[in-house]
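The structure appears right after this line, and notes come after that.
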Amino acid sequence: GGMLTSVEDLVESNFLIEHADLYTSKTSGFWIGIYRNVNGQLLWQDNSALDFVNWGEGQPSGDKLAFCVELSAATGNWSVLPCSSQKGFICKKPKNARKDKVSGHLNMWILLTLVLIILLGVGFMIYFSLKMKTGSGTGREARRGSRQLEYSRTLTAGDNGSDATNDKEKNEHSVV
C-alpha cells in the first residue's frame with residue numbers, strides 16, 4: 001500500500017507541482033504526509049527526515065502542525081490547514097516495496113530448497129542406517145562365500161577319480 005507522499009528534494013517537488021497543476025480546476029491543493037511526532041519533530045509519514053521543505057510565506061506558523069499540510073496546486077508551496085478541509089491527496093508507495101516482494105519470494109524458494117535438502121539427507125540417513133542394521137552388505141558376501149564352499153564340497157565329494165574313469169568306461173562299452 002501507499003501513504004501520503006513525502007517530498008525528498010527539489011526534483012521530486014517540481015514533478016509533483018507539474019502534475020498537480022493539471023488538477024487545479026478540480027482542487028486547490030493536495031494533502032502531503034508531514035506530521036509532528038510526540039517529541040515535536042517534523043517527519044514524513046514514511047518516517048523519513050524532513051530534509052527538504054517548500055513552505056509558503058509565513059508557514060508553518062507557531063504550533064499549528066497539529067493540523068494537516070497541503071501542497072498548493074497553483075504554486076507548489078506548502079501550508080498548514082485544518083484537516084477537515086476538502087483537498088485531494090498525493091500518495092506514493094515505498095521505494096523498496098517491489099524489492100521486498102521479490103526478496104520475499106526469493107527467501108521462500110531458498111527456504112523450500114533447504115527443507116528439501118534436509119528431508120533428502122534424513123531419508124538417506126535412515127536408509128543407510130537400516131541397511132547397516134540388517135547387515136545386508138556383509139551378509140551377501142558371506143552367503144556368496146558359503147554357496148561357493150558348498151559347491152566346491154559337492155564337486156570334491158563326488159570326484160574320487162575312479163568315478164570319472166568308471167563313467168568313461170561305461171560310456172565306451174555302451175557305444176560299441
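Side-chain contact between Lys87 and Leu81 is present, with at least one heavy-atom pair separated by less than 4.5 Å. Between Trp31 and Ile90 there is no side-chain heavy-atom pair separated by less than 4.5 Å. Here the side chains of Trp78 and Val7 are in contact, with some heavy-atom distance below 4.5 Å. Looking at Ser13 and Phe15, their side chains never come closer than 4.5 Å, going by heavy atoms from C-beta outward. Between Ile34 and Trp44, some side-chain heavy-atom pair lies under the 4.5 Å cut-off.
For the pair Gly76 and Ile17, the tightest heavy-atom approach, listed with the atom from each and the gap, is CA-CG1, 3.4 Å. Residues Ser6 and Asp46 come closest through the heavy atom pair OG-OD2, 3.1 Å. When all heavy atoms are compared, the tightest approach of Val80 to Gln59 is N-OE1, 2.9 Å.
Scanning for side-chain hydrogen bond (donor to acceptor under 3.5 Å, both in side chains) contacts around Glu12 gives Lys92, with sequence neighbours left out.
In this structure, the separation between CE on Met3 and SG on Cys91 is 9.0 Å, given to the nearest 0.5 Å. Atom CG of Leu50 is separated from atom CZ of Phe52 by 10.0 Å, given to the nearest 0.5 angstrom. Between the CD1 atom in Ile32 and the CG atom in Leu16 there is a gap of 8.5 Å [rounded to 0.5 Å].
Between Thr113 and the choices Leu111, Leu116, Ile117, the side-chain contact (heavy atoms from CB on, under 4.5 Å) rule is met once, by Ile117.
Residues Leu10 and Val69 fall within the same hydrophobic cluster, defined by Ile, Leu, Val, Met, Phe, Trp and Tyr side chains chained together at heavy-atom separations under 4.5 Å. Two different hydrophobic clusters hold Leu120 and Val115 under the rule that ILVMFWY side chains link at heavy-atom gaps under 4.5 Å.
Under the 3.5 Å distance criterion, the side-chain polar atoms of Ser129 are matched with a main-chain donor or acceptor of Met125. Between the side chain of Thr75 and the backbone N or O of Asn77, at least one donor-acceptor pair lies under 3.5 Å.
When hydrophobic residues (I, L, V, M, F, W, Y) are linked wherever their side-chain heavy atoms come within less than 4.5 Å, the members clustered with Tyr127 are Phe124, Phe128. Counting Ile, Leu, Val, Met, Phe, Trp and Tyr side chains that sit under 4.5 Å apart, directly or through other members, Val11 stands alone, with no cluster partners.
In this model, a donor atom of one side chain and an acceptor atom of the other lie less than 3.5 Å apart for Glu70 and Ser79.
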